[in-house]
Undergrad: 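The structure's right below; bear with me while I get my questions together.
Counting begins at 1 with the first residue of the sequence. No experiment lies behind these values; they were computed from the predicted model shown. Counting starts at 1 for both ligands and their atoms, in listed order.
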Amino acid sequence: MLGNFSYHNPTKLYFGENSLEFLNEELPKYGKTVQLIYGGGSVKKNGIYDAIVEILKKNGKTVVEDGGVMPNPTVEKLREGIRIARNNKTDLLLAVGGGSCCDYAKAVSVSVNCNEDPWDKYYIRFEEPDCEIVPVACVLTMAGTGSEMNAGAVITNHEQKLKIGHVFGTEVMPKFSILNPKFTMSLPVRQMAAGIYDIFNHICEQYFSGDDDNTSDYLAEALMKSVVNSSLVAVKNPEDYEARSNIMWSATWALNTLISRGKDTDWMVHMLGQAVGAYTDATHGMTLAAVSLPYYRHILPYGLKKFVRFAKEVWGVNSEGKTYTEVAEEGLEKMKQWMQTIGVTLSIRELGATEDMIEGIADATIILDGGYKVLNRDEVVDILKQSL
Ligand code: NZQ
Ligand code: ZN
């Protein structure tokens, strides 16, 4: 049964090979000063930066540079972005990149006109913004996080060894996002695979919770099948537009709040992965991949019915003559084979984690209660050890 909910997603999307042209339609709606947010330089190499600057200039905008947003953006970079926005009186924060740039833009947007320290306010006390929010827009160059159509903003604090996400309200979502699958084609294959696993896991996090019959779970299964099918094509031929466009669109729907409506959600793989990320600064999707199988094997007995459904519906496991547990385990085995095929890691050691970090990573793991089993600390430690 679906619980009660409201659903409103205000982000306008432009999708496809010619979608950048729509920047011309959107820009006149905002003030003169555009803070152009980008990462470590990929957009300069692949020409996206030049194309965007040309459109901004044509529309009479003053461009304020805000490059160097690192993967897993830090609180120090966030404070720098706030300073840039204040000094230049930014009217629009335009993020050009993956989830890191888009998340960062949102975190800046709620902090420019706020006097308190954003880390304490939003990431420790989890308060909501009570100041004017600077509008955010996104030109996406990597499919994965869904940040282009959601209100999440994950920030890392290396000093405190914490990586924390705040899911804000709809007012923080990008006003518009431009999704051109061709822009994702310069992504290194390993990074593409990390993004694909991130998408798949976002769906799992919302699927592995509750056992009722609800529409959201059927939507989740369809999305998972699309991601698996397209990923197998994309790893063989990263230039395949059909596969890359399906992956990009699935990423948006995987985490734009639709499939979580009316049901509980888990998110423990992300809590474990984020804690690993706080210690290793590893690629987000890879941290999820490395902890997933030990976690899912651990909770399988508590959510057996759903793991059987997952095995049959997503992985096509034939259940004839097998126990429920055998079917469920076969599903996870097929998932493991797929993960190996697309090239994501199954070990946090490969990401830089070591035995002596386990206790600290366990301390940094936020324990949530929406999944099939509320973990205790010993279980967290055990899962992390198995993920090594
Ligand atoms: O920095 P540049 O040079 O641009 O290179 C980036 C970066 O190194 C590169 N890249 C992106 N597009 C490219 C490209 N390289 C070549 N060609 C392109 N077209 O890819 C690298 C990773 O980029 P990043 O933005 O860090 O990746 P992703 O999209 O996975 O974002 C990760 C961040 O998002 C957070 C993660 O925790 C992490 O901090 N998440 C945000 C969520 C949300 N808003 O809802 C949910 C997710 O679960 C996730 O936690
Ligand atoms: Zn994720």
Undergrad: Between Val75 and Arg79, is the side chain to side chain contact (heavy atoms under 4.5 Å, CB included) condition met? List the steps.
TA: CA-CA 6 Å; Val75 68; Arg79 290 183 186 126; 3.6 Å; yes
Undergrad: Measure from the ring center of Phe307 to the ring center of Tyr324 and say whether it is less than 6.0 Å.
TA: no
Undergrad: Is the distance between the ring centroids of His166 and Phe168 less than 6.0 Å?
TA: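 Yes, ring centres under 6.0 Å apart.
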Undergrad: Tell me yes or no: between the side chains of Tyr295 and Asp266, is some donor less than 3.5 Å from an acceptor?
TA: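 Per modelled atom types, Tyr295 and Asp266 side chains form a pair under 3.5 Å.
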Undergrad: Indicate whether the side chain of Trp338 and that of Ser231 have a donor and an acceptor atom separated by less than 3.5 Å.
TA: yes
Undergrad: Flag the pair Tyr302 / Tyr372 as yes when their ring centroid distance falls below 6.0 Å, and as no otherwise.
TA: no
Undergrad: Can you list every protein residue that has a heavy atom under 4.0 Å from any atom of ligand 1, sorted by chain and residue number?
TA: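 Ligand 1 is contacted, at a heavy-atom distance under 4.0 Å, by Gly39, Gly40, Gly41, Ser42, Asn46, Pro71, Asn72, Pro73, Gly98, Gly99, Ser100, Asp103, Thr141, Met142, Thr145, Ser147, Asn150, Gly152, Val154, Lys163, Phe183, Ser186, Leu187, Pro188, Gln191, Asp198, His202, Leu255, His270, His284.
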Undergrad: Count, excluding waters, the protein N, O or S atoms that are closer to the Zn ion (ligand 2) than 2.8 Å.
TA: 4
Undergrad: Any donor-acceptor pair under 3.5 Å linking the side-chain atoms of Glu128 with those of Tyr122?
TA: no
Undergrad: Does the separation of the ring centres of Phe176 and Phe22 fall below 6.0 angstrom?
TA: no
Undergrad: In plain terms, say whether Glu329 and Arg297 are close enough for a salt bridge, that is, a side-chain N and a carboxylate O under 4.0 Å apart.
TA: no
